[in-house]
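Report on one structure; see the data block that follows.
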Amino acid sequence: MTDLEDYRKELDVIDQELVALFEKRMHISQAIGNYKLVHDLPIFDEGREQRVVEKNLTNLKSEEFAVQTHHFLDTIMDLSKEVQKDVRAAANDYEQIFAIHEPKLPAQIGYFGETGSFCEEAMLAYFKEAPRDPKNYHTFESLFVGIQNGEIDYGVLPVENSSTGAISQVLDLLYKYGLSIVGEQYIKIEQHLIGLKGTGLDQIEEVYSHPQGFQQSTDYFKNHEQWRQIPFHSTSDSAKMVKDSGDAHKGAIASRRAAQIHGLSILAESIQNQSENTTRFIIVGKDLESNPRCNKVSVVFSLDNQAGTLFKLLRHFARYHINLIKIESRPVEGEKWEYLLYLDFEGNIADENVHEALRFIHRSSVYFRLLGCYKAATENK
């Protein structure tokens, strides 16, 4: 009579054969990966995978294990793709992703908005000492271009608000221009309705603001639906425009500091929806910078359009005991139903577990870029 130990011995023999065959398959997968790299072919071929699975399911003598066999074949396909992606990752010189540069000192700093903007406030809070002759930019993209062209070394701009969420245009520009995040700063945002001195609320007909100002103050404007809401470059630019216009029928959403700088009056205080309204600002530069004190990592990547791919990737963060902070998706311009994923998590790229997690993301991604490793800011209460 066969006992448990006899069954186990049979399994040992079968496992030995399986491992030998598996190793052989992985070697062939490496060869296929090199061939696809040389001939510029995609790694994932959905039609081919489906044919392989269907063909091998017909080799079953019984349907009893059809579900398990299907899962087994899917897993082998996934592992084969990982090997092929490792081939491609090695060719792309993976370690170059982690090339660290020294901070630029003294640095030329730029910020989004007019004098008195929240970005200027974030700049002063982050750099501690007032930068020499900082430059201001009136659009997000012009600031990115300024860094790319060497006009400034670092730029300060908003990336996320506690009530309205991510500022998608900034995420898209990070991808477009290939800049790095070198730091971050939180600023509590109080939005005020401001106008010319002596102006009354009953005189206002139109209000100017960056779209974020309107989005953060929707509750207030429900009571003033007769006012035209006109999007403008930034809240600080809106304040300057109202001052320059000399028109008592125009108002702006801006900071108290902007009102003081431009000699305007506050017509309504703290009109934002949330009393704890806070914006996260990022400091961006051309190169990746990091040091042992850095404890936050940001990446952007895209994946094959396959069921379960994102789950398999995120599962590895738990495996490496890494705390995910945020994940944000953005559509890829010109590509239907293709998305970029922006991921923030705790750690330092010098940590072994972070390094391994990034290696896995890199080899599992169609596109991958390390956006930055920097010191996480603490939110002021």
Side-chain angles (χ1 to χ4, degrees), residues 99-162 166-189 210 212 234-236 255 278-300 325-326 328 342-349 369-380:
I100 305 298
H101 295 76
E102 291 295 321
K104 295 177 175 63
L105 295 172
Q108 179 68 62
I109 313 298
Y111 62 90
F112 170 68
E114 188 56 68
T115 304
S117 70
F118 292 113
C119 281
E120 185 190 32
E121 187 178 341
M123 175 191 72
L124 295 172
Y126 180 82
F127 287 99
K128 310 304 180 189
E129 298 180 7
R132 57 182 178 86
D133 301 321
K135 297 180 181 292
N136 59 327
Y137 293 84
H138 299 285
T139 66
F140 293 146
E141 186 153 21
S142 63
L143 184 146
F144 277 83
V145 172
I147 296 174
Q148 189 178 61
N149 293 343
E151 297 171 11
I152 55 174
D153 299 309
Y154 302 106
V156 183
L157 67 170
V159 72
E160 181 182 8
N161 178 263
S162 59
I167 301 173
S168 56
Q169 187 185 359
V170 172
L171 294 178
D172 294 342
L173 290 169
L174 278 171
Y175 169 69
K176 178 178 179 180
Y177 286 94
L179 300 185
S180 295
I181 302 172
V182 301
E184 67 176 10
Q185 181 70 44
Y186 287 101
I187 295 292
K188 186 176 179 180
I189 305 296
H210 186 274
Q212 279 286 317
S234 69
T235 53
S236 53
S255 68
T278 301
T279 293
R280 175 186 167 223
F281 295 84
I282 53 173
I283 292 79
V284 296
K286 263 190 177 180
D287 302 316
L288 179 69
E289 300 176 11
S290 186
N291 60 62
R293 297 187 304 278
C294 295
N295 57 359
K296 186 174 181 179
V297 179
S298 295
V299 298
V300 58
I325 301 171
K326 181 186 176 184
E328 188 86 26
Y342 292 81
L343 201 67
D344 294 341
F345 57 90
E346 294 178 354
N348 188 296
I349 55 176
R369 190 162 72 83
L370 175 61
L371 288 175
C373 178
Y374 48 96
K375 192 173 188 307
T378 54
E379 190 171 344
N380 295 325

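Worth knowing before you read on, the calculation uses all heavy atoms, side chains too, and leaves out hydrogens, waters and symmetry mates.
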For the pair Tyr177 and Ile147, evaluate side-chain contact (heavy atoms from CB on, under 4.5 Å) and give the outcome as yes or no after the intermediate values.
-> CA-CA 10 Å; Tyr177 286 94; Ile147 296 174; over 6 Å; no
Please list all pairs passing the salt bridge (Lys or Arg N to Asp or Glu O under 4.0 Å) test where one or both residues lie in residues 143-155, with sequence neighbours left out.
-> none
Could you state the interatomic distance from CG (Leu179) to CG (Leu143), rounded to the nearest 0.5 Å?
-> 8.5 Å
Side chains of residues 102-112: which donor-acceptor partners sit under 3.5 Å, not counting sequence neighbours?
residue, atom, partner, partner atom, Å
Lys104, NZ, Asp287, OD2, 3.2
Gln108, NE2, Asp133, O, 2.7

Is any NZ, NE, NH1 or NH2 atom of the basic residue among Glu184 and Lys296 found under 4.0 Å from an Asp or Glu carboxylate oxygen of the other?
-> yes
Closest heavy-atom pair, Val170 versus Phe144, reported as atoms and distance to 0.1 Å, is O-CZ, 4.1 Å
Is Ser255 reaching over with its side chain to a backbone N or O of Gly116, donor-acceptor style, under 3.5 angstrom?
-> yes
Tell me, please, which residues at least two apart from Glu141 pass salt bridge (Lys or Arg N to Asp or Glu O under 4.0 Å).
-> Lys176
Please assess Ser180 against Val284 for the test side-chain contact (heavy atoms from CB on, under 4.5 Å), listing each intermediate value before the final yes or no.
-> CA-CA 5 Å; Ser180 295; Val284 296; over 6 Å; no
With the threshold set at 4.0 Å, does a side-chain nitrogen-carboxylate oxygen contact exist between Lys326 and Glu160?
-> yes
Judged by atom type as modelled, is there a donor-acceptor pair below 3.5 Å linking the side chain of Asp344 to the main-chain atoms of Ile325?
-> no
Specify the closest pair of heavy atoms between Cys373 and Cys294, including all atoms of both residues, with the distance to one decimal.
-> O-SG, 3.5 Å
Crowding at CZ, Arg132 (>12 non-hydrogen neighbours, <6.0 Å) = yes
Distance (rounded to the nearest 0.5 Å) between Gln212 CD and Ser234 OG | 12.0 Å
Taking atom CG of Asn295 and atom CZ of Arg293, what is their separation to the nearest 0.5 Å?
-> 10.5 Å
Rounding to 0.5 Å, atoms CG (Asn161) and CD1 (Ile187) come to a distance of 12.5 Å
Would Phe140 and His210 count as a close aromatic pair, with their ring centres under 6.0 Å?
-> yes
With Ile282 as reference, evaluate Val156, Leu371, Leu174 under the side-chain contact (heavy atoms from CB on, under 4.5 Å) test and give the passing residue.
-> Leu174
Using only heavy-atom distances, determine whether the side chains of Tyr374 and Ser298 contain a donor-acceptor pair under 3.5 Å.
-> yes
Which atoms form the tightest heavy-atom contact between Tyr126 and Val182, and what is the distance?
-> OH-O, 3.6 Å
Interatomic spacing from CD1 in Ile167 to CG in Asp172 - rounded to 0.5 Å | 12.0 Å
Just how far is it from atom OH of Tyr186 to atom OG1 of Thr279, taken to the nearest 0.5 Å?
-> 10.5 Å
